[in-house]
Structures are given as C-alpha cells and as structure tokens.
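Structure, as structure tokens:
The residues of the chain are indexed from 1 along the displayed sequence.
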Amino acid sequence: MGCAEQRFTVNLSILFTELPLLERPAAAAAAGFTAVELWWPWVDSPTPGRAELDALRKAIEGARVRLTGLNFYAGQLPGPDRGALSVPGVESERFRANIDVAAGFARTLGCRSLNALYGNRVDGVDPAEQDALALENLVRAAEAADRNGAVLLIEALNEPESPRYPLVSAPAAVAVVDKVNETSGLGNARFLMDLYHLSMNGEDLPSAIERYAAKTGHVQIADNPGRGAPGTGSLPLEDLLDRLHKAGYDGWVGLEYKAGASPSAEAFGWLPVEQRAAR
C-alpha cells in the first residue's frame with residue numbers, strides 16, 4: 001500500500017541543488033532513483049544554446065536516469081514568478097519562444113509530461129485579458145506536447161505562498177484543464193495534483209483525490225508544514241498515496257520537497273532503497 005505502489009521521480013530543481021545542475025542526475029542515481037524531473041533550468045533564457053541543452057541531455061543519459069517531467073519556461077522560478085504564459089508582452093513572447101525548445105528537448109529524452117505554470121496576475125491588466133492569453137498559449141503548448149505523444153500539465157499552487165497566482169484550488173486548475181481540452185480538441189491536458197499546495201490551501205485531500213484522480217496526469221508531494229520530506233510534517237502522505245492508487249492513479253509521484261540543512265542524499269530515509277527505482 002501507499003509508497004510501495006507508486007513510482008517516484010526526484011525533482012532536481014528543489015533537491016540536490018547544493019550541486020551544479022549537471023551533477024544532479026548522477027547524484028539522484030547514486031541515491032537509488034532511476035527517474036528525475038525538472039523545472040525549466042535556464043531561468044534567464046527560454047532558448048538556451050545547443051551546447052547547454054546537449055550538456056544536460058548527456059548528464060541525464062550518462063546517469064542512466066529517465067526524465068519524466070519538464071516545465072516550460074516560467075520566468076524566475078525559484079523567485080518571484082509563477083509562470084509566464086498569461087503575462088502580456090515580453091514574458092508571453094518568451095513562453096512562446098520556449099514551447100518548441102522545451103518540447104524538443106523533452107522529446108530527445110522520451111519525456112512525456114510538460115508542465116505549464118499559469119503566471120501571476122498583473123496590476124492594471126484585466127484578468128479576462130490574461131485568461132484569454134493563457135488559453136491561447138496553453139493550446140499552443142498542448143499542440144506541441146501532442147506532437148511528442150505527451151501530456152500538458154496544469155498546476156494549482158497555494159495562495160499563502162503565491163497570492164497573485166489565480167489557480168489556487170484544484171477546481172480552478174481542473175476548470176482550465178477542461179477548457180484547454182475543449183478548445184484544442186486534443187484531450188491531452190491534465191491536472192498536476194501537488195498535495196502540498198492543496199493542503200496549504202486547506203482543501204479536503206481525500207475528496208480532491210476522489211474527484212480528480214481521473215483527470216490527474218502527475219502528482220507531487222511534500223509534507224506540511226515546512227515543505228520537507230514525508231514524516232517531517234503532519235500530512236498522512238502514505239494514506240493519501242494509497243488513496244490515489246485505489247482511485248486508479250498509476251503515474252509518477254514527484255518528490256518536490258526541501259531537504260533542509262542536510263545534504264539532499266540524506267533526505268530519503270523515509271523511502272526504502274528498494275522502492276526508489278522505478279518499476
């Protein structure tokens with residue numbers, strides 16, 4: 001039950017960050033994992049040069065880990081931004097320039113999940129204008145993902161930490177998922193269910209799992225409070241993962257938590273070594 005029934009992937013944008021980017025895939029492999037995911041690694045560049053892309057690809061291939069998920073360009077993340085696709089002007093243009101780059105990089109590594117963070121509200125801009133822009137850009141991203149045979153993920157964040165982000169509940173994010181699928185006609189948009197973010201919003205997690213497991217394309221976990229490893233807070237993560245499994249979710253579970261003061265390699269004691277490699 002619980003952890004034993006899930007496939008885990010390590011988020012290298014929040015774990016192993018004490019190491020240079022190109023050393024993190026091997027560090028995850030040394031800790032016993034065979035799958036990793038990433039936020040867009042080049043926060044200042046939606047279109048990095050071929051040499052940078054090739055170096056990261058070779059690091060992932062050399063570590064013999066699988067890239068299971070990748071974010072599209074999302075602005076300064078970590079930092080003040082929460083995506084770019086709904087932000088008029090330069091940021092939206094940077095997102096559009098990134099779509100084929102990110103999708104192409106994912107394709108070279110067999111990555112089948114691409115996450116598109118919605119973006120913050122902007123002072124002086126009508127929310128309806130941002131939402132229309134977001135839909136247009138999300139459909140473009142869905143089309144690029146579809147060419148890879150991939151899904152487009154749309155994530156709810158939490159309001160205390162992201163007060164200007166409009167998708168701060170599972171229903172809000174799923175409504176966008178449904179709208180993208182209706183508009184694109186592709187049906188490849190899915191909900192990214194981050195249990196930490198939903199718990200920070202005070203949502204009923206068992207109910208969210210029951211209602212939205214069928215529309216969920218990816219799950220991420222961290223304990224709450226603190227966004228640390230499972231067992232450092234009070235979330236019943238094993239029970240919640242068991243509920244997801246029983247609800248039919250058989251996808252990846254991303255470990256997107258903070259290691260704390262210890263090296264990241266020491267932040268996995270809650271997960272037996274034999275359960276870290278993807279089955």
Practice item. With side chain to side chain donor-acceptor pair (under 3.5 Å) as the test, would you mind laying out the steps for S264 and E18 before giving the verdict? Key: CA-CA 8 Å; S264 295; E18 67 270 26; 3.0 Å; yes

To the nearest 0.5 angstrom, please state how far the [atom1] atom of [X] sits from the [atom2] atom of [Y].
{"X": "I209", "Y": "L244", "atom1": "CD1", "atom2": "CG", "result": "4.0 Å"}
{"X": "L12", "Y": "W39", "atom1": "CG", "atom2": "CH2", "result": "11.5 Å"}
{"X": "L167", "Y": "F191", "atom1": "CG", "atom2": "CZ", "result": "9.5 Å"}
{"X": "L240", "Y": "M193", "atom1": "CG", "atom2": "CE", "result": "10.0 Å"}
{"X": "L114", "Y": "N148", "atom1": "CG", "atom2": "CG", "result": "6.5 Å"}
{"X": "L153", "Y": "E37", "atom1": "CG", "atom2": "CD", "result": "9.5 Å"}

Exercise for review: Go through the steps to decide whether F105 and L67 satisfy the test side chain to side chain contact (heavy atoms under 4.5 Å, CB included), and finish with yes or no.
Suggested key: CA-CA 10 Å; F105 180 76; L67 182 67; 4.1 Å; yes

Can you find a heavy atom in the side chain of [X] that is under 4.5 Å from one in the side chain of [Y]?
{"X": "L255", "Y": "F268", "result": "yes"}
{"X": "S113", "Y": "L70", "result": "no"}
{"X": "S184", "Y": "V139", "result": "yes"}
{"X": "L138", "Y": "L85", "result": "yes"}
{"X": "T68", "Y": "C111", "result": "no"}
{"X": "P171", "Y": "E203", "result": "yes"}
{"X": "T34", "Y": "R64", "result": "no"}
{"X": "V10", "Y": "F16", "result": "yes"}

Review point. Out of E161, R227, E256, which one pairs with Y196 under the side-chain hydrogen bond (donor to acceptor under 3.5 Å, both in side chains) rule?
Key: E161

Point to revise | Residue that, paired with N115, satisfies side-chain hydrogen bond (donor to acceptor under 3.5 Å, both in side chains) out of E155, H218, Q220, R190 | key: E155

Restricting to non-hydrogen atoms, name the atom on [X] and the atom on [Y] that form the minimum distance, rounded to 0.1 Å.
{"X": "V65", "Y": "A29", "answer": "CG1-CB, 3.8 Å"}
{"X": "A116", "Y": "L152", "answer": "CB-CD1, 3.8 Å"}
{"X": "A156", "Y": "L198", "answer": "CB-CD2, 4.2 Å"}
{"X": "S86", "Y": "N120", "answer": "OG-O, 4.1 Å"}
{"X": "D146", "Y": "N188", "answer": "N-ND2, 3.5 Å"}
{"X": "P48", "Y": "V101", "answer": "CD-CG1, 4.3 Å"}

Is the shortest side-chain N to carboxylate O distance from [X] to [Y] below 4.0 Å?
{"X": "R164", "Y": "D123", "value": "yes"}
{"X": "D126", "Y": "R121", "value": "no"}
{"X": "D250", "Y": "R7", "value": "no"}
{"X": "E210", "Y": "R243", "value": "no"}
{"X": "R94", "Y": "E91", "value": "yes"}
{"X": "K246", "Y": "D242", "value": "yes"}
{"X": "E136", "Y": "R140", "value": "yes"}

Check your understanding: Would S234 and D223 count as a side chain to side chain donor-acceptor pair (under 3.5 Å) if you check the C-alpha gap in whole Å, the side-chain angles of each, and the deciding distance to 0.1 Å?
Key -> CA-CA 7 Å; S234 58; D223 215 331; 5.3 Å; no

Point to revise | Selection residues 46-102 - residue pairs positive for ring pair (Phe, Tyr, Trp, His ring centres under 6.0 Å), sequence neighbours left out | key: F72-F95

Between the side chain of [X] and the main-chain N/O of [Y], is any donor-acceptor distance below 3.5 Å?
{"X": "N11", "Y": "S13", "answer": "yes"}
{"X": "N137", "Y": "R96", "answer": "no"}
{"X": "W40", "Y": "W42", "answer": "yes"}
{"X": "S169", "Y": "A172", "answer": "yes"}
{"X": "T183", "Y": "V180", "answer": "no"}
{"X": "R112", "Y": "V151", "answer": "no"}

Review point. Hey, mind stepping through V36 and R66 against side chain to side chain contact (heavy atoms under 4.5 Å, CB included) and telling me if it holds?
Key: CA-CA 6 Å; V36 300; R66 176 178 176 183; over 6 Å; no

Practice item. Would you sort out whether R147 and D100 count as a salt bridge (charged side-chain N to carboxylate O under 4.0 Å, His left out), showing the intermediate values? Key: CA-CA 10 Å; R147 290 192 290 271; D100 286 341; 3.3 Å; yes

Practice item. Check the pair S199 / N224 against side chain to side chain donor-acceptor pair (under 3.5 Å), numbers first and verdict last. Key: CA-CA 7 Å; S199 70; N224 188 28; 3.2 Å; yes

Check your understanding: Using the benzene-type ring in the case of Trp, are the ring centres of W252 and F33 under 6.0 Å apart?
Key -> no

Exercise for review: Run the numbers on L117 and D81 for side chain to side chain contact (heavy atoms under 4.5 Å, CB included), then give the verdict.
Suggested key: CA-CA 10 Å; L117 287 173; D81 298 332; over 6 Å; no

Check your understanding: Do V174 and R211 pass the side chain to side chain contact (heavy atoms under 4.5 Å, CB included) test, and can you show the C-alpha distance, the side-chain angles, and the key distance before you say yes or no?
Key -> CA-CA 10 Å; V174 170; R211 292 178 65 189; over 6 Å; no

Review point. Looking only at side chains, do R57 and T108 share a donor and an acceptor under 3.5 Å apart?
Key: no

